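Taking it in order: structure first as structure tokens, then the write-up.
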There are 2 protein chains.
Amino acid sequence: MPRRPTVYDVAERAGVSIATVSFTFRQPERVRESTRAAVLVAARELGYVPNASARGLAHGRTGALGLYSFDLMLAAPQQGADGAAPAGDADDLDPDADPRAFPLYVDEVQRGYELECWQRGQALLLSSGSGSGASVTEVAGRVDGLAVFPGPTPVGTLEHVARRIPVVAFSIPPVADGLHHVTVDNRAGMRDLVGHLVGDHDLRDLGFVGRLTTPDYAERFAGFREAVAAAGLDAPAEPLDPTDLAEPHRFEVVASLAAEDRLPRALVCASDQLALAVLDLLAARGVPVPERVVVTGFDGILAGRLARPTLTTVRQPMAAMGRLAVQVLVRHAGAPAEEPESHLLPVRVVRRESCGCPPALA
Amino acid sequence: MPRRPTVYDVAERAGVSIATVSFTFRQPERVRESTRAAVLVAARELGYVPNASARGLAHGRTGALGLYSFDLMLAAPQQGADGAAPAGDADDLDPDADPRAFPLYVDEVQRGYELECWQRGQALLLSSGSGSGASVTEVAGRVDGLAVFPGPTPVGTLEHVARRIPVVAFSIPPVADGLHHVTVDNRAGMRDLVGHLVGDHDLRDLGFVGRLTTPDYAERFAGFREAVAAAGLDAPAEPLDPTDLAEPHRFEVVASLAAEDRLPRALVCASDQLALAVLDLLAARGVPVPERVVVTGFDGILAGRLARPTLTTVRQPMAAMGRLAVQVLVRHAGAPAEEPESHLLPVRVVRRESCGCPPALA
DNA sequence: TTGTATGCGTTATCAC
DNA sequence: GTGATAACGCATACAA
């Protein structure tokens, strides 16, 4: 197989120097019409495609922004608890097409990131890995700026990378780590949600579901406690059911309470995914939602609209988060984070059927 | 701002040569324990991040696969016909979050592409543009293989690129163009769908909606005609309503037929997006679906499950298409397409409410 | 307007 | 086990 042609090959064929070839592509107006034509013809005949690595090396920039995610998220369970089949079409032709698995929170943020990149003509490098320092550093070397989802990446690695290119961290509380931060107001969202349950639905017995494995979840639980206390109710010190969807033995507490009919009036879940799994579990056991127990989520993923009952939740402005990250990176292009930016975006309660609100008008 | 540190800086600081630094990262076992440690410390202190451009240049590969889409798809209309508001939550916080706009066909294919890349530890470069030869060539220079959605890209450009790296074209009928092809069986899908409408619902008056702007649509219309003819009915020479969602003056024929109550018994649409817009239009005019007129789509996007009535459609194995593309590219890595692969994937009719089938059990 | 020469940061091939 | 050194393909200051 012939070697990929280079500027040298094109130059030789067109009878010009390599500089002229380069000019023809980068600054066409600087080159005489006839010369340009000759170069373009030669390039076409040879099948010349400029090498971005060489260009990036010479120019000092790659022209791409990066987005790093974690494999772990891919390993998310596909089945509801207790083997309850997800509602809707089984789709044996396309096992990846499950609204419970896509689009999720990260996917919608990524969507916003993509849109903003595209509008700016920026290339986007998507990468994922275990979160090891090595794999993050790997991407970092390929891009002019990097956004990272929360995960097991050692903070040291991120700080390390942030010394060389701007880095945006999603959903991690801002600290003085040299990273830019894009977060949402989890506490306020949870306060509003609980306020709705207590104020509008007059519920007085609420339990929190979910293990506090991420800063987001921890903040949501904090907001939950604040709101419950503010309503004059007893704020629990810990979640009622500390289920982590990534682990086995899920919803043991909820299940046993359901068996004894001792469930609280509301199960406030740390995420939509948790809430949907809880809905499955309750449905399998014949516990009516919202009549016997109200269930709420957090995030606002699409699957919540497909569930029955539809899921009351708190929606994050996911696409906006992604867009904002790109804007921050572009703003700081070329320079590492001297003065890191911190952004706290608002969230909004979305009332649907699972809290007892009436179905939305069609 | 200090220059990004290089192997030279690390080598100097660690008191070794640059070769040793390189070995430390690429073949740690070839380097003495103590030396390795010294290098790693120096790298950490300096904030060293290997430059992928330089690496790619020296090594001859970028280590990334590309996926090219078109801006045009982003400019898709967000509103239903006649200003009919889409059902569901208005979401003023996050205007990009509309299930009618995401995830679409391309997004689910992309999803599959991502999953396969991730599982293989491949970086993925996403890019989009007008489809001009320049922008496609641009990406091509950055990757070891490229997949492209159908669009206005000059075929010559793709062939040009395909001479240097493997290229997969989605949803374009295979021709001898040096490209690999991943397509679905549009004709069979449409035949099955029409067979269901005619055979199971006993409909004898069917109209096709959509302009034949893409090869996919043209094949679907061809399949429609075949099936209609096979049922002993008159096969139209052209679509009943040649609406192109990308253009104004949409559904003029459907609208006027609706006004005169002369609609056929079924409107078979070229895509889900068209079908959803038709549902909006009919709802706004008070035409009951499926009682007065049956509506069907094609693709199997998520929004079809959120519509009321839920949308009967033909589902493409979108994620599988994306995964397959990556597999093809990896298989041909390093070499341009000597013997292009052609893949035709099966599709499946998904029966929902808009054709008169009963709602799926919850 | 076009050609010459140099640097960009790594990898890899040699010697040592 | 480690150190020189030559590519890799392009952009660009400078010269012509």
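All values below come from the heavy atoms of this structure, side chains included, with hydrogens, waters and symmetry mates left out. A note on names: the letters A, B, ... follow the listed sequences, proteins ahead of strands, and every chain is numbered from 1. Since the model is a prediction, treat every value here as computed from it, not as a measurement.
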Worksheet entry | Range on DNA chain D touched by chain B, heavy atoms, distance below 4.0 Å | D:dG1 to D:dG9

Using residues 51-60 of chain B as the side-chain source, report each donor-acceptor pair under 3.5 Å to any protein atom, sequence neighbours left out, with the distance given to one decimal.
| residue | atom | partner | partner atom | Å |
| --- | --- | --- | --- | --- |
| B:Asn51 | OD1 | B:Ser53 | N | 2.6 |
| B:Asn51 | OD1 | B:Ala54 | N | 3.0 |

Practice prompt. Using five base pairs at each end, measure the axis-to-axis angle across the helix from C:dT1-D:dA16 to C:dC16-D:dG1 and round it to 10 degrees.
Written response: 30°

Worksheet entry | CA sep, side-chain torsions, deciding dist, call: B:Leu67, B:Leu125, side chain to side chain contact (heavy atoms under 4.5 Å, CB included) | CA-CA 6 Å; B:Leu67 182 59; B:Leu125 191 81; over 6 Å; no

Item to complete: Check every nucleotide of DNA chain C for an atom under 4.0 Å from a heavy-atom of chain A, then give the first and the last such nucleotide from 5' to 3'.
Response: C:dT1 to C:dG9

Worksheet entry | Residues which pass side chain to side chain contact (heavy atoms under 4.5 Å, CB included) with A:Ala38, listed by chain and number, not counting sequence neighbours | none

Discussion item. Quick one, B:Val184 and B:Leu344 - any side-chain contact, counting heavy atoms below 4.5 Å?
Written reply: no

Worksheet item: Where is the tightest heavy-atom contact between A:Gly63 and A:Gln122, given as atom of each residue plus distance?
Response: O-OE1, 3.4 Å

Practice prompt. Might you work through the side chain to side chain contact (heavy atoms under 4.5 Å, CB included) test for A:Asp107 and A:Val109, ending with a clear yes or no?
Written response: CA-CA 5 Å; A:Asp107 300 304; A:Val109 174; over 6 Å; no

Fill in: ring pair (Phe, Tyr, Trp, His ring centres under 6.0 Å) contacts in which one or both residues fall within residues 120-147 of chain A, not counting sequence neighbours
none

Worksheet item: Between residues 6-17 of chain A and DNA chain D, which residues have a heavy-atom gap below 4.0 Å?
Response: A:Thr6, A:Val7, A:Tyr8

Discussion item. Need one value for A:Arg30: base, sugar-phosphate or nothing, where a base atom within 4.0 Å counts as base even if backbone is also close, heavy atoms only.
Written reply: base

Worksheet item: Does A:His181 have its ring centroid less than 6.0 Å away from the ring centroid of A:His343?
Response: no

Worksheet item: Does the side-chain hydrogen bond (donor to acceptor under 3.5 Å, both in side chains) test come out yes or no for B:His332 and B:Glu341, once each step is laid out?
Response: CA-CA 10 Å; B:His332 293 259; B:Glu341 297 186 26; 2.7 Å; yes

Worksheet entry | CA sep, side-chain torsions, deciding dist, call: A:Val39, A:Val31, side chain to side chain contact (heavy atoms under 4.5 Å, CB included) | CA-CA 10 Å; A:Val39 170; A:Val31 158; 5.9 Å; no

Worksheet item: Quick one, which residues of residues 31-40 of chain A touch DNA chain C with a heavy atom under 4.0 Å?
Response: A:Val31, A:Arg32, A:Thr35

Worksheet entry | Intermediate values then yes/no, side chain to side chain contact (heavy atoms under 4.5 Å, CB included), A:Thr35 and A:Phe23 | CA-CA 11 Å; A:Thr35 313; A:Phe23 286 149; over 6 Å; no

Worksheet item: OH/B:Tyr113 to CG/B:Leu124 distance, rounded to the nearest 0.5 angstrom?
Response: 6.5 Å

Worksheet item: Going by the salt bridge (Lys or Arg N to Asp or Glu O under 4.0 Å) test, which pairs reach into residues 114-141 of chain B, not counting sequence neighbours?
Response: B:Glu116-B:Arg120, B:Glu116-B:Arg323

Practice prompt. Specify the residues of residues 47-65 of chain B, ordered by number, for which at least one heavy atom lies under 4.0 angstrom from an atom of DNA chain D.
Written response: B:Leu57, B:Ala58

Worksheet item: Tell me, which pairs form a salt bridge (Lys or Arg N to Asp or Glu O under 4.0 Å) where one or both residues lie in residues 141-159 of chain B, sequence neighbours left out?
Response: none

Compile the donor-acceptor pairs under 3.5 Å between side chains in residues 41-48 of chain B and protein atoms, sequence neighbours left out, one pair per line.
| residue | atom | partner | partner atom | Å |
| --- | --- | --- | --- | --- |
| B:Glu45 | OE1 | B:Arg13 | NE | 2.7 |
| B:Glu45 | OE1 | B:Arg13 | NH2 | 2.9 |

Discussion item. Would you say that more than 12 heavy atoms from the other residues, nucleotides or ligands in this model lie under 6.0 Å from the CD of A:Gln327, or not?
Written reply: yes

Fill in: Closest approach of A:Cys117 to A:Val326 (non-hydrogen atoms, all atoms of both residues)
SG-CG2, 3.9 Å

